[in-house]
Amino acid sequence: MYRTHTCGELRSANIGENVTLSGWVQRIRGLGGMTFIDLRDRYGITQLVADEKNDEKLSAAIDSLGREFVVKCEGKVIERASKNPKLPTGDIEVQLSSVTILNVSETPPFTIENETDGGDELRMKYRYLDIRRNPVKNALLLRHKVSQEVRKYLDTENFIEVETPFLIKSTPEGARDFVVPSRMSPGEFYALPQSPQTFKQLLMVAGMDKYFQIVKCFRDEDLRADRQPEFTQIDCEMAFVEQEDVLNTFEGLMTHLFKQILNVSLPKHFHRMPYADAMSLYGSDKPDIRFDMRIRNLSQIAKGNGFVVFDKAEYVGGIVVPGSADYSRKQLDELTKFVQKPQIGAKGMVYVKLGADGAVKSSVDKFFGPDDLKKWAAHMEANDGDLLLILAGDRTRTLEALGQLRLEMGGRLGLKKADEFAPLWVVDFPLLEWDEETARFYAMHHPFTSPVKADMHLFNSDPGAIRANAYDLVINGVEIGGGSIRIFDRELQHMMFKALGFTQEEAEEQFGFLLNAFKYGAPPHGGVAFGFDRLCAVMGGSESIRDYIAFPKNNAGRDVMINSPSEISEQQLKELQISLKKIDN
RNA sequence: GGUCCGGUAGUUCAGUUGGUUAGAAUACGUGCCUGUCACGCACGGGGUCGCGAGUUCGAGUCUCGUCCGGACCGCCA
């Protein structure tokens, strides 16, 4: 027998028992005649103690041990002479009678500690060692719990989990597909699903009523800290529902998850914000509403004073940074540099310091008197002691820059509290998005999203102004999920394809199976998909999703541990009837 | 496709204006140590300064190219 207990469970109550433990050698502390060993497994650490003076065999075994050796240890649980309150097992230790080496280990390339000395690349290359560390192990445990609770909750709500295929059909809309060559149909390719979107809609036609699936999705696009080429969604769809039904159902899911796993109570009703408000008040379609600091429009009152930057700008707006009028020149220069970074792209920044004594100082004193500036302050509902930061320019970009500046200031002022969770539904997204490059509309969400009924009359006159029955769930500024009420009417679906510039033939070719299905009594339906990795990261308080994925890919989409992607053999190519040729762009 | 940052001991990093034998911490090895738990003390081994070219009397340091890693923009219905 390898073990009678795990390394995390022995307590004072076990004192006197003879036990067998197996695990990895975390650390060895030799004190001459006696040696302490920390033995680690998934469940914790137990200290072993060896009195080597009287036992040559034991002494020899211990001398040959190294870090991360796998050992089986037998001994008696005894009370510690000096207890360690930092360890759950810190009241006891195991007095060793024998140690058996089950496997040796080379010295690991980094320390297996909570605060490891290993860098990211090394940790990824030796991910199996990285997972031995508590932070990664706990992240995977959290992920496991979330998936268990998702299934529990949705099951009680009568959802059923149905698996949909991974080898499907490539479509040009949306993200780039990963493709898989077919051996039996040479020259033809499967695509891996970007999401099970069409299948879940077919399941609604099939009468499955309430469906969900925790499912891998694949998108061949560039990566980010919060974006992997293969990622997991909690994919859900319901029939006979309107938008409010969907939102309420999944507020319930989120409330359940946060309560069960973090013991956090989310608000009874999640705040709902139209997309247009999100953009104009927060400069983002995924506002972090843990703090206020809303963007204020100054276009009306700040223009027309001869300050050219403002006068020729489409939009002037700013934020009120509470209690920060004492910002130094250096700090303000830093912020100016921040907004001038190419990815933010503001030309410059105007500040107004509202001194605690009522004095006003700004970077545009030449153009605006104290009365003007105080008018701004009043308009922005600022108080003495606050700092106004103002940007001007093209409306959309300036709002986005202000949004970034807002997040930066929120961070600096410590307003993004780690133990606070602020869920928000962003609703009323535009149905269509104009793309300058290809000079056509694209579906902002996807081509099956239904338009808001009241906006239907705009279909021919102003399609860009049509709102969609689409919604995103945002928590702490992270897009956790999104969905829509779908089109279930064949005629409307045709109108949609037409607006997207599809010919009848193209629509039939790509989505004929879905349009066909809609001929046979498709119920009204809608759904949502949550980014499972992101949800776990938000619940775990991390910005990166990589630690919540057992074996993630790096920045370039490579798995540095197994070294993929990689070339395949001539034989494999031949079977697929594929020949390779370099193409220079 | 683009912008920025980085690559020096097993690991994390420092390395001044281009100048003697490239350092620290940690890890590793050896010895001492009976209450440690980031044990302590002493000693020791360990380097293709990512790679290639160039400038120079001389390059870890400067220039160009290239590879690798990270963050971001584009992209991600």
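We name chains A, B, ... by the order of the sequence lines, and we start the count at 1 in each one.
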> Among residues 104-135 of chain A, which contact RNA chain B at a heavy-atom distance under 4.0 Å?
Replying inline: Thr107(A), Pro109(A), Asp117(A), Gly118(A), Gly119(A), Glu121(A), Leu122(A)

> Taking CG from Asp38(A) and P from G35(B), how many angstroms apart are they, rounded to a whole number?
Replying inline: 17 Å

>> Determine whether a donor-acceptor pair (one donor, one acceptor, N or O, separation below 3.5 Å) exists between the side chain of Glu52(A) and the base of U34(B).
In response: no

>> Strictly distance-based, threshold 3.5 Å: is any side-chain N or O of Lys137(A) a donor or acceptor partner for the main-chain N or O of Arg42(A)?
In response: yes

>> Any N or O donor-acceptor pair under 3.5 Å from the base of C68(B) to the side chain of Arg558(A)?
In response: no

>> Looking at G70(B), I'd like to know if its phosphate oxygens (OP1 or OP2) sit under 4.0 Å from a side-chain N or O belonging to Arg546(A).
In response: yes

> Taking everything shown except Lys498(A) itself, do over 12 heavy atoms lie less than 6.0 Å from its NZ?
Replying inline: no

>> Which nucleotide wins on minimum distance to the side chain of Arg29(A), given the candidates U34(B), A38(B), C37(B)?
In response: C37(B)

> Could you state the NE2-P distance from His446(A) to C76(B), rounded to the nearest angstrom?
Replying inline: 15 Å

> Does Asn555(A) have a side-chain nitrogen or oxygen under 4.0 Å from the phosphate oxygens OP1 or OP2 of A71(B)?
Replying inline: yes

> What about Glu221(A), does its side chain sit under 3.5 Å from the base of G74(B) through a donor-acceptor pair?
Replying inline: no

> Looking only at side-chain N and O atoms, does Arg27(A) come under 4.0 Å of OP1 or OP2 in C39(B)?
Replying inline: yes

>> Closest approach to the side chain of Ala225(A), judged atom by atom: which nucleotide of C72(B), G35(B), G69(B) is it?
In response: C72(B)

>> Using a 4.0 Å heavy-atom cut-off, does Asp220(A) contact any base of the nucleic acid, only the sugar-phosphate backbone, or nothing at all?
In response: nothing

> Cationic tip of Arg440(A) within the cone over Tyr442(A)'s six-membered ring, i.e. under 6.0 Å and within 45° of the normal?
Replying inline: yes

> Any ion pair linking Arg3(A) and Asp41(A) (charged N to carboxylate O, less than 4.0 Å)?
Replying inline: yes

>> Once you apply a heavy-atom cut-off of 4.0 Å, does Arg67(A) come out as touching a base, just sugar-phosphate, or nothing?
In response: sugar-phosphate

> Will you find, in the side chains of Gln194(A) and Asp177(A), an N or O donor that is under 3.5 Å from an N or O acceptor?
Replying inline: yes

>> Check this for me: does the side-chain of Arg219(A) come within 3.5 Å of the base of C76(B) through a donor and an acceptor?
In response: no

